[in-house]
Amino acid sequence: MEETPSVGDAPGAEDDTDLGILYGTLRGSVVGLRYYTGIVNNNEMVALQREPNNPYDKNAVKVNNVNGDQVGHIKKELAAALAGIMDNKLALVEGVVPYGAKNVFTMPVQMSFWGKAANKEAVVDQLKRHGFKLAPPLKGSECGFGSKWISGKAGPSYRAPVHAAVQLTPEQLKSEFDKLFEDLKEDDKTREMEGAEALGTRLLPHQKQALAWMVSQKMRPQDVLGGILADDMGLGKTLTTIALILTNFQDGKPLPVGKTTSERCRQESGTNSTSNVGRGQCEDPGKVMGPGASGIQRFDTTPLETSSCLPKRGQAKKRRYSGQSGERPLRQTGATSCVEEDTGFASVLFPSSACLKRQTKRKVTATTENKRLVDVPRATLIVCPLSVLSNWIDQFDQHIHRDFHVNVYVYYGSDRNKDPSVLAEQDVVLTTYNILATDYGVRGGSPLHRVRWLRIVLDEGHTIRNPSAQQTKAALCLEGHRRWVLTGTPIQNSVKDLWSLISFLKLKPFSDQEWWRRTIERPLVLGAPGALGRLQCLIRSITLRRTKTSKVKGKPVLELPERKVLIQHVTLTEEERQMYESVKKEGKAAVSRFLSEGTVLAHYADVLGVLLRLRQLCCHPRLCIDTASSLAAGNKTPEELRETLVSKMKLVLSSGSDEECAVCLESLACPVITRCAHVFCKPCIFEVIRSEQPKAKCPLCRNELRAEDLVQCPQEEETDSGDGKKSDQEWTPSSKINALMHALIELRRDDPTAKCLVVSQFTAFLSLIENPLKESGFAFTRLDGSMAQKKRAEAVQRFQSSRAGSPTVMLLSLKAGGVGLNLTAASRVFLMDPAWNPAAEEQCFDRCHRLGQSRDVVITKFIVKDSVEENMLRIQNKKRELAAGAFATRKPSANEDTRQLVIR
DNA sequence: ACCGCCGGGTGCC
DNA sequence: ACCGCCGGGTGCC
């Protein structure tokens, strides 16, 4: 009866990939408590950590509490047994102090040994050699949480009797461990805070809430603060962050955080600092103000993003946290002060300067001041994807009150100033993940990593979800007290992805991967009760997320102007129709051949090619003249095969049909093509091959799949080759171009100030459209993926300008730019050709229908009657239905839709 | 540590 | 007494 292990489905054997199985437990003792500050509570977990460089014993094993503070050491005889096991990673040793936590000299520790099934014997042996013997996992109630949690699941694979262990009393369930999560109480997220004086823009209510939340955010541990602002895009995360940065400053004086700095502040600021104390302050008198606090004292205690609280657990009372930072002043460009200028940087991006003249004067005093405050972090580092870099610059420009000046240094480009002290002097340093990562790898150390930042902000923070990616590692190594992650993506997807963020935030103890696994990942994977709740609690406590439909005080977060989508049908001319029909006929013949042969899926790329040409013909005949498609099949040399695959992949990528990888359902990252001509993200398909060993099959067509057959895209540049064509031939209009120009001219007549976006997936088409725009005297600008960052920023800036004579038309490639792209100057959108994925279109529309749009937005979609474009509309509708359905997360890939279309 | 261990002081009953 | 016993000093690894 005791021996009923169902070996067949033993989860332990499978589960040991990462998390391991439980070998057994052992009681030991922690000694030397005298000498360390870390304290533990009964039933609390501790971490065991090897200390090979201990001068007294090379076998030493440290014992740390949840907070990372050392509690003591493992007694030496036991340490001698553990050292080998731990060093060789034969087992993960986890400890729980079952009782005696208040002991002064030694305390017991219940250890659980986890690892691969294969290593169990070695571990048992090694312990035996030192006279220790593992007890079976589930003996009595002293086993600690690790074993309790997994009792239901991993138990059966082991020989221990499950029944006794599963029955946990309610008290046991409500373990000490859960209290750890209870401490992570959710903050009040509805309190509001006004922006500082230096903020030139009024905040919306939900932005005031975000600001208050960020300023007062309490989280453990005390000495690192921050969180995740995960609002939907378009709610103003950037503005809120700017507002946050501006809270550093008050009246041109620093708002200190710590005691020591506050003393200084009182002296420096004198009485005048009381004048606008209320503004830009976090109002939380109960927690924040000391008894009888005066306005100035509020400076002392108002914890800007400072924790006033927390971990009751595992934290030494004796311990005082040091190293709190003060704040540096924003320099007011009044009569008194101005900004020191030109330290020889490539770009100091605030020409908002009425103050350029006074800057030299300031320089002298600034240097001395900087010297004095040399240990006080001042600069905020903002890391973002390249695509939103210029947006940050614009937003700073736009939102800083004109009487104030903030130094923003863009750390980008080959001429970037690599002097850390120069970086540290800035108010804001802007850089990209790529720069961060490449610098980090450089010998001699990255300047960014030599600065102690006041605050680090990761924009589009989900870019660091992969813990082994260089940019993630680089981000984790940055030093700064406050750490913020901005992301528009809800962050529930993968627990693994979350760890990078948590780790970046330095949220102890979870930032330690061992603790993360132990407390979150393993319980979750093993389906421990309450595990998901804990994770949610954790996320809630550090995240602020609102969506576009969220409400503040009963009103929608954003009251955007109306948005209308019109469909404008276009009829082809006789000539165009003829061309269309002949290509269609040819394509149909090929497709029906594939159908009868049953090889549609094998000719996936070819079919897409036909569709692509049809779509191009709907726009302009010129677009598809040299899109050579090789419908001819046949036997080929490996080199020929490779080339065919590459060109097919390019076709797939440029067709705009395949923005999603069928495995991860996200846009293709590092695309590779299979022998069967299906395109996936490289990591995704490798994972498929790895997990389906020995015989992996293509997820789309179930053909054989081998790693060595995969072909990578040579260079992912913009695939359109629009440039060469325009000059050498006379341009001719098309039905669609005529329709567009008609609309544009009508619009100009009705409202000469109205601006519009002309959007296409084909940059060559945009090039063609340039001709009639010039002929009709439109001032226009252009933005596509092939443009360098600087040019893009310029294009956006020119377009957004309200100056007379500024461009009224922007030619925009559908996929250009990231989510941050802000084109609110436009109130009209002309979508020249439909996309497969309605979300791509939506995203494009949102670039003007977003925060900052004051007019109603009208979108016109040009659709050629009786053409592939009408079918695409139908597909889009299907997609929308699916996306709106209950299981919206599992949207079908573009590939699946293509198949529907073909078969139709 | 209300322990163990160490080493000095000491030494019949 | 090259012992036992006593009691003070001391204490992680």
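Note that the structure is a prediction, hence the values are computed from the model and not measured.
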Examine A/Arg34 relative to A/Phe105 and say whether NZ or CZ is less than 6.0 Å from the centre of the six-membered ring and inside a 45° cone about the ring axis. no
A/Trp114 six-ring centre to A/Arg522 NZ/CZ under 6.0 Å and within 45° of normal: yes
Expressed as a whole number of angstroms, how long is the span from [X]:[atom1] to [N]:[atom2]?
X	N	atom1	atom2	value
A/Met107	C/dC12	CE	C1'	13 Å
A/Asn103	B/dC3	CG	P	15 Å
A/Glu77	C/dC13	CD	P	7 Å
A/Arg34	C/dT10	CZ	C1'	11 Å
A/Asn54	C/dC12	CG	P	12 Å
A/Leu33	C/dG11	CG	C1'	12 Å

Look at A/Lys76 and C/dC12 and indicate whether a side-chain polar atom (N or O) is within less than 4.0 Å of OP1 or OP2. no
Under 3.5 Å side-chain donor-acceptor pair for A/Gln49 and A/Asn64: yes
pair_partner(C/dC12), Watson-Crick or wobble, both distances < 3.5 Å, evaluates to none
Under a 3.5 Å limit on both distances, the Watson-Crick or wobble mate of B/dA1 is none
Under 5.5 Å between ring centres and under 30° between planes: does that hold for A/Phe105 against the base of B/dA1? yes
Ring stacking, A/Tyr35 with base of C/dC12, under 5.5 Å and under 30°? yes
Say you pick atom [atom1] in [N] and the same atom in [M]; how far apart are they, in whole Å?
N	M	atom1	result
C/dA1	C/dC6	C1'	15 Å
B/dC2	C/dC13	C1'	25 Å
B/dG4	B/dG8	P	23 Å

With a 6.0 Å cut-off on ring centres, are A/Trp484 and A/Trp213 close enough? yes
So does A/Asp57 reach the base of C/dC13 with its side chain, donor to acceptor, closer than 3.5 Å? no
Judged by atom type as modelled, is there a donor-acceptor pair below 3.5 Å linking the side chain of A/Asn65 to the main-chain atoms of A/Asp69? yes
So A/Lys75, base contact, sugar-phosphate only, or nothing? Heavy-atom distance under 4.0 Å. sugar-phosphate
